[in-house]
Amino acid sequence: MIREAADRHPEAGRVELWFMDEARIGQKGGVTHVWYARGVRPRGVRQQGFSSAYLFGAVCPERDAGVALVLPEVSTAAMDAFLAELGRAVPAGTHAVLVLDGAGWHVSPDLEVPPNLTLVHPPPYSPELDPVERVWEYLRDRWLSHRVLAGGYGAVVDAACAAWNALLAEPGRLRSLTSLPWLPPAVSIS
């Protein structure tokens, strides 16, 4: 898929692989694993609120780079906003092959794809092919679980942004979470 994108976009000096997905972040969080004394059940908080937001995120495992937006809904308009942001984040002279699932807002004919992006959809029901799923698990385990997000939607957005920024502040963390042995390397076009 990278070689085909390189053949279709000879103007790009480099073609790299990105992965994208979105996760719902909200007050009604899930249960995660925590270390605690054997035989004792840890006490945890569980919020009863229902405010939520969606964290649209894309990662480039090879460059240890990531781009994210926190948006109030999943829709074609939200996806357009995210793709525009990702298009601005891809370095000049680089074309990105973006692997994303077949959700309705990912395949909409009304989607405006920037010229420096090519969308690729893996087979349906194959989340194991999308390394971004590991990122969501990491964010939930480290920063988004066992918390009370008092303050409604604004608190949810703040927590999602803080978690993503904390992840990006750890050098090499995105690469360690998303680099899989079967991923093809970027292609430099001479």
*How would you list all residue pairs meeting ring pair (Phe, Tyr, Trp, His ring centres under 6.0 Å) that involve residues 111-143, not counting sequence neighbours?*
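Of all non-adjacent pairs touching residues 111-143, those that pass ring pair (Phe, Tyr, Trp, His ring centres under 6.0 Å) are Y138-W143.
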
Side chain proximity check, [X] to [Y], heavy atoms < 4.5 angstrom:
X: V15; Y: T94; value: no
X: E137; Y: R142; value: no
X: V67; Y: V90; value: no
X: F82; Y: E22; value: no
X: V99; Y: P122; value: yes
X: P72; Y: Y153; value: yes
X: L17; Y: P184; value: yes
X: V59; Y: R134; value: no

*Could you pull out all residues at least two apart from E16 that satisfy salt bridge (charged side-chain N to carboxylate O under 4.0 Å, His left out)?*
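E16 satisfies salt bridge (charged side-chain N to carboxylate O under 4.0 Å, His left out) with R14, R63 only.
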
*Please list, chain by chain and in numerical order, all residues satisfying salt bridge (charged side-chain N to carboxylate O under 4.0 Å, His left out) with E85, sequence neighbours excluded.*
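Here the qualifying residues are R88.
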
When clusters are formed by joining ILVMFWY residues with side-chain heavy atoms under 4.5 Å apart, either directly or through shared neighbours, do [X] and [Y] land in the same one?
X: L86; Y: L69; answer: yes
X: W182; Y: L177; answer: yes
X: M20; Y: V74; answer: yes
X: L167; Y: L55; answer: yes
X: V157; Y: L144; answer: yes

Roughly how far, to the nearest 0.5 Å, is the [atom2] atom of [Y] from the [atom1] atom of [X]?
X: R175; Y: E170; atom1: CZ; atom2: CD; result: 14.0 Å
X: C60; Y: L183; atom1: SG; atom2: CG; result: 10.0 Å
X: W105; Y: Y54; atom1: CH2; atom2: OH; result: 7.5 Å
X: H95; Y: L117; atom1: NE2; atom2: CG; result: 6.5 Å

*For L119 and L100, run side-chain contact (heavy atoms from CB on, under 4.5 Å): C-alpha distance rounded to whole Å, both residues' side-chain angles, the deciding distance at 0.1 Å, then the answer.*
CA-CA 7 Å; L119 306 185; L100 64 167; 3.9 Å; yes

Minimum heavy-atom distance between [X] and [Y], given as atom pair plus value:
X: G87; Y: N116; value: O-ND2, 2.9 Å
X: V156; Y: G26; value: CG1-CA, 4.0 Å
X: A163; Y: L139; value: O-CD2, 3.4 Å
X: A68; Y: W164; value: CB-CE2, 3.4 Å
X: F19; Y: P131; value: CD2-CD, 3.4 Å
X: V132; Y: G57; value: CG1-O, 4.3 Å

Would you confirm whether [X], through its side chain, and [Y], through its main-chain N or O, come within 3.5 Å as a donor-acceptor pair?
X: S126; Y: L129; answer: no
X: D64; Y: L174; answer: yes
X: S145; Y: R140; answer: yes

*Pick one: which of L83, V120, T118 meets side-chain contact (heavy atoms from CB on, under 4.5 Å) with L98?*
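For L98, the side-chain contact (heavy atoms from CB on, under 4.5 Å) check succeeds only for L83.
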
*With distance as the sole criterion, is a donor-acceptor pair present between the side chains of H9 and E4 under 3.5 Å?*
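No donor-acceptor contact under 3.5 Å links the two side chains.
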
_Around atom CD of E112, are there more than 12 heavy atoms from other residues, nucleotides or ligands closer than 6.0 Å?_
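Count not over threshold, so no.
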
